[in-house]
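Chain identifiers are assigned alphabetically (A, B, ...) following the order of the sequence lines, protein sequences preceding nucleic acid strands; residue numbering begins at 1 within each chain. Predicted model, so just to flag it, every value in this text is computed and none were measured. Reckoned from all heavy atoms, side chains included, excluding hydrogens, waters and symmetry mates.
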Amino acid sequence: MAAAKTSTVRPDPNYVAEVVTRLKEAHPDAHCELNYETPLQLLLATILSAQCTDVRVNKTTPALFEKYPDVKAFAEADITELEEMVRPTGFYRMKAQRVQETCRRILTEYDGEVPDEMEDLLSLSGVARKTANVVLGEIFNKAEGVVVDTHVKRLSNKFGFTTYTDPVKIEKDLMAIISQEDWVKISHLLIFHGRRVCSARKPDCANCSLEDICPASELKK
DNA sequence: ATCCCGAGGG
DNA sequence: CCCTCTGGAT
């Protein structure tokens with residue numbers, strides 16, 4: 001019988017396990033770096049983090065969360081003032097609108113509480129799988145997938161975990177090769193590694209503990 | 001595929 | 001200057 005063809009080429013499970021093990025050793029403190037105190041604050045911080053560094057989000061949110069202490073305050077905020085508050089994070093008009101629209105819907109449809117179901121989260125303005133996965137994983141401890149941001153996307157391709165560029169397809173590939181108990185952790189690890197070692201502009205292969213097993217190592221070119 | 005948008009790094 | 005940053009909606 002001829003070998004069954006699969007539509008997607010999977011990386012060697014042993015290789016994947018080795019990469020995960022080494023990432024855990026390299027970044028034992030990997031965690032979500034967005035600052036927040038409430039579920040609402042994490043949801044909003046994550047919406048603001050689109051195409052923006054978490055460092056900049058963290059410099060923006062303290063004043064924002066002080067001025068608007070709860071969902072109601074965001075729902076009733078003057079949109080121009082809200083725009084100015086979120087301006088440093090970029091895409092500020094759209095983000096202000098999404099933040100307010102999301103808070104209004106949480107107020108009117110979810111009794112003021114951030115929903116803990118994927119379907120409900122995805123129905124919110126400015127919330128797609130990446131943001132929903134962050135909230136489900138960090139707050140409710142019930143991740144239904146893997147957070148795929150720009151770092152996870154870049155490194156997943158470098159390590160050969162996926163061949164796709166579409167975040168949804170990348171997430172599906174990762175869910176197939178990473179054990180479910182590591183779904184939250186793998187994103188933290190890839191994001192930490194992507195920021196500190198394997199940056200997009202200048203990957204520091206000389207100081208990377210995975211250099212010898214990395215298909216994209218710059219040192220052997 | 002394109003738009004939204006500012007700020008820092010190389 | 002150009003690229004990148006925990007994306008999402010049209």
At under 4.0 Å between heavy atoms, what does A:L190 touch on the DNA or RNA strands: base, sugar-phosphate, or nothing? nothing

Assign a letter to each nucleotide of nucleotides 5-10 of chain B from its 5' end: B, base within under 4.0 Å of a protein heavy atom; S, sugar-phosphate only; -, no contact. BBSBBB

Just checking, any donor-acceptor pair under 3.5 angstrom between side chains of A:Y164 and A:D173? no

A:H27 side chain reached by A:S209 side chain, heavy atoms, under 4.5 Å: no

Do the side chain of A:E101 and the main chain of A:Q97 share a donor and acceptor less than 3.5 angstrom apart? no

As a quick check of understanding, evaluate salt bridge (charged side-chain N to carboxylate O under 4.0 Å, His left out) for A:E83 and A:R87, giving each step before the final call. CA-CA 6 Å; A:E83 286 177 356; A:R87 185 166 200 156; over 6 Å; no

Evaluate the criterion ring-ring contact (aromatic ring centres under 6.0 Å, His included) for residue pair A:F192 and A:H151; output intermediate values, then yes/no. CA-CA 9 Å; A:F192 261 58; A:H151 296 296; over 10 Å; no

Name the nucleic acid region contacted by A:V127, choosing base, sugar-phosphate or nothing; use a 4.0 angstrom heavy-atom cut-off, strictly under. sugar-phosphate

When rounded to whole Å, the CG to P distance for the pair A:L48 and C:dC5 reads 18 Å

Of all the choices, C:dC5, C:dG7, C:dG8, which nucleotide is nearest to the side chain of A:D149 once you look at every atom? C:dG7

Rounded to the nearest angstrom, tell me the gap between atom CD in A:E171 and atom C1' in C:dG8. 15 Å

Atom-to-atom span, CD of A:E83 to P of B:dC4 - whole angstrom: 14 Å

Any donor-acceptor N or O pair under 3.5 Å, side chains A:E138, A:H188: yes

For the pair made of CG in A:L136 and P in C:dT6, what is the distance, rounded to whole Å? 21 Å

Considering just the side-chain nitrogens and oxygens of A:T150, establish if one lies under 4.0 Å of OP1 or OP2 belonging to C:dT6. no

Determine whether more than 12 heavy atoms belonging to other residues, nucleotides or ligands lie under 6.0 Å from atom CG of A:D111. no

Residue whose nearest DNA chain C nucleotide is more 5′ - A:C32 or A:G126: A:C32

Interatomic distance where CG belongs to A:L42 and P belongs to C:dT6 [whole Å]: 15 Å

With rounding to the closest Å, how many angstrom separate the P atoms on B:dT2 and C:dT6? 25 Å

Without decimals, in angstroms, what is the distance between A:I139 CD1 and C:dT6 P? 19 Å

So what does A:T46 hit on the nucleic acid, given a heavy-atom distance under 4.0 Å: a base, only sugar-phosphate, or nothing? nothing

Please give, in whole Å, the distance from C:dT6 P to A:I170 CD1? 16 Å

A:K130 NZ to C:dC5 C1', straight-line distance once rounded to whole Å: 10 Å

